[in-house]
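Scroll down for the structure; my scribbles are underneath it.
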Amino acid sequence: MATELHETIFMAKQERHKNLFLNYRNLNIFPVELLKDEGLQFLERLYMKRNSLTTLPDNLAQKLPNLIELYLHSNNIVIIPEAIGNLARLQSLDLSNNALQLLCPEIGRLRSLRHLRLSNNQLKCLPSEIGDLQELETLDVSMNQLMSLPDRLHRCLSLQNLTADHNLLSHVPRQLCWLHRLNQLSMASNRLTFLPLDLGRSRELQFVFVDNNVDLKGLPSYLYNKVIGCSGCGMSSQVLEGYMVEGLGEALSEALVGLPAEVRIIGSETDNVAPLEELAMRTLHRIHHHCPSDLNLLPPITLPKSLLDLLQFPLGHCHRCSQAMFTIIYPKLFPLRETALAGVHRRTTVSFVAYCCSSHCLRSFDLQG
């Protein structure tokens, strides 16, 4: 194996290869042949997947200065050196399926980086310097132990695809709504309790997957006519199995089963009486909106904490009149868009428009879509 590796690297040097494949070589250390003399100055793409590397050499950028793509998927890398920031031309870095516990701030010096994949590691936080990656288009940090995302992530103005599934995230930073090129946001299997009300305002954002966030109770109405995934949100699996939607056809019931309980309440034009709790919340919201200080005069025991929290984070706003909604949303379903991702999430990808139950808004309410 060592002889074969030596011959492969020797041939790459002799013939000035731009691509070098060293996958599945059982490598425990970075091959010294790559770093001898002047190294491989001409090499642009280095593939070293499925090995047993634990670290990278400090002089990697010095010996391989023209690397554009570096693939280190499925190794045992615990730490990457600060010198990684010297790979000025690097556009794609794949460190998925390793043992990273920390990502050095120097990652922010990779100003040409477009694709960064860090899934299935042991990261508990990300350096704020990631926000310096102005050219970054894809960021995958799924299957880590992240409790939050960097506040400066919104500075990645080129970001199109953000995947953060299977972490410990409790909220989506509102600043992400400022990413006007973001096309897909996936934060399934986290601990989300609410989504920013502005989420989906950008026309570029088309795919939002928040499946399996059991404490997520509502969806912003800006997500209407988007492809969304939200199965397992708002209810336990036992409750979902026992929940029956009365008066609906089998197909419609099937389409709604993945939505939070509040969204799945269906109204008709004759059902124009809001529950007392809903009316109370809307009244308090109007008072708080026009005279915020008045609400502070109320003694703390006046409202349960659950209602105070709900007051700050409505389930959504009516698509027609923009009225805030707190305990009930009447959805209008749309057919799934013909996209490559539509089949991936099966029944969990549905689209809807939220309406309040005022007779004015329900005049155009049509369950048939």
Practice item. Could you please spell out the steps behind the side chain to side chain contact (heavy atoms under 4.5 Å, CB included) verdict for Ile77 and Thr54? Key: CA-CA 4 Å; Ile77 298 174; Thr54 58; 6.0 Å; no
Point to revise | Test side chain to side chain contact (heavy atoms under 4.5 Å, CB included) applied to Leu64 and Leu46, step by step | key: CA-CA 10 Å; Leu64 307 175; Leu46 177 58; 4.1 Å; yes
Practice item. Evaluate side chain to side chain contact (heavy atoms under 4.5 Å, CB included) for Asp132 paired with Arg152, printing each intermediate quantity in order. Key: CA-CA 8 Å; Asp132 297 332; Arg152 286 167 56 184; 2.6 Å; yes
Check your understanding: Step by step, would you call Asn183 with Phe207 a side chain to side chain contact (heavy atoms under 4.5 Å, CB included)?
Key -> CA-CA 6 Å; Asn183 178 260; Phe207 307 96; 3.5 Å; yes
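Taken from NZ in Lys49 to CG in Asn23, the straight-line distance is 6.5 Å, to the nearest 0.5 Å. We find the CG-OG distance between Leu162 and Ser186 to be 8.5 Å, quoted to the nearest 0.5 Å. For the atom pair OG of Ser128 and CG of Leu149, the computed distance is 13.0 Å after rounding to the nearest 0.5 Å. Expressed to the nearest 0.5 Å, how far CZ of Arg201 lies from CG of Leu199 amounts to 12.0 Å. Atom-to-atom distance recorded for Leu103:CG and Leu95:CG is 7.5 Å, nearest 0.5 angstrom. Taking CD of Glu137 as the start and CG of Leu182 as the end, the distance is 12.0 Å to the nearest 0.5 Å.
The stretch residues 182-196 participates, sequence neighbours left out, in no salt bridge (charged side-chain N to carboxylate O under 4.0 Å, His left out) pair at all. Among residue pairs with one or both ends in residues 162-184, those qualifying as salt bridge (charged side-chain N to carboxylate O under 4.0 Å, His left out) are Arg174-Asp198; sequence neighbours excluded. The side-chain hydrogen bond (donor to acceptor under 3.5 Å, both in side chains) pairs that include a residue from residues 138-151 are His115-Thr138, Asp140-Ser142, where partners are two or more places apart or lie in different chains. Here salt bridge (charged side-chain N to carboxylate O under 4.0 Å, His left out) pairs that include residues 66-80, with residues two or more places apart or in two chains, are Arg45-Glu69. Legend: salt bridge (charged side-chain N to carboxylate O under 4.0 Å, His left out) pairs involving residues 73-95, not counting sequence neighbours: none detected.
His171 meets the side-chain hydrogen bond (donor to acceptor under 3.5 Å, both in side chains) test with no other residue; sequence neighbours excluded. For Arg109, the salt bridge (Lys or Arg N to Asp or Glu O under 4.0 Å) criterion is met by no residue, not counting sequence neighbours. Residues satisfying the salt bridge (Lys or Arg N to Asp or Glu O under 4.0 Å) test with Glu129, not counting sequence neighbours, are none. Partners of Ser119 under the side-chain hydrogen bond (donor to acceptor under 3.5 Å, both in side chains) rule, at least two apart in sequence or in another chain, are Ser96. Residues satisfying the side-chain hydrogen bond (donor to acceptor under 3.5 Å, both in side chains) test with Thr163, not counting sequence neighbours, are Asn161. Looking at residues two or more places apart in sequence or on another chain, you find no salt bridge (Lys or Arg N to Asp or Glu O under 4.0 Å) involving Arg155.
Closest heavy-atom contact between Met147 and Leu169: C-CD2, 3.5 Å. Nearest heavy atoms, Ser112 versus Ala88: OG-O, 3.0 Å. Scanning both residues, His154 and Gln175, for their nearest heavy atoms gives CB-O, 3.4 Å. Residue Leu113 comes nearest to Ser92 through the heavy atom pair CD1-N, 3.7 Å, listed as atom of the first residue, atom of the second, then distance. Nearest heavy atoms, Gly131 versus Cys156: CA-SG, 3.8 Å. Of all non-hydrogen atoms in Ser202 and His180, the two that sit nearest each other are OG-O, 3.4 Å.
Heavy-atom contacts from other residues, nucleotides or ligands closer than 6.0 Å to CD1 of Ile79 number 12 or fewer.
In the hydrophobic cluster analysis, where Ile, Leu, Val, Met, Phe, Trp and Tyr join through side-chain heavy atoms closer than 4.5 angstrom, Leu146 is grouped together with Leu139. Leu5 and Leu56 fall within the same hydrophobic cluster, defined by Ile, Leu, Val, Met, Phe, Trp and Tyr side-chain heavy atoms under 4.5 Å apart, directly or through other members. Hydrophobic clustering of Ile, Leu, Val, Met, Phe, Trp and Tyr side chains at less than 4.5 Å, counting indirect connections, unites Leu100 with Leu72. Taking hydrophobic clusters as Ile, Leu, Val, Met, Phe, Trp and Tyr residues chained together by side-chain heavy-atom distances below 4.5 Å, Leu123 shares a cluster with Leu133.
Between the side chain of Asn51 and the main chain of Asn75, no donor-acceptor pair closer than 3.5 Å is present.
Put simply, the side chain of Ile68 does not reach to within 4.5 Å of the side chain of Asn66, judged on heavy atoms. Looking at heavy atoms from C-beta onward, Leu70 lies in side-chain contact with Leu60 at the 4.5 angstrom threshold. Residues Leu53 and Asn98 are not in side-chain contact: their nearest non-hydrogen atoms beyond the backbone lie 4.5 Å or more apart. For the pair Asn190 and Met187, the minimum side-chain heavy-atom distance is below 4.5 Å.
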Only pairs under 3.5 Å count here: list side-chain donor-acceptor contacts from residues 28-36, not counting sequence neighbours, and write none if there are none.
none

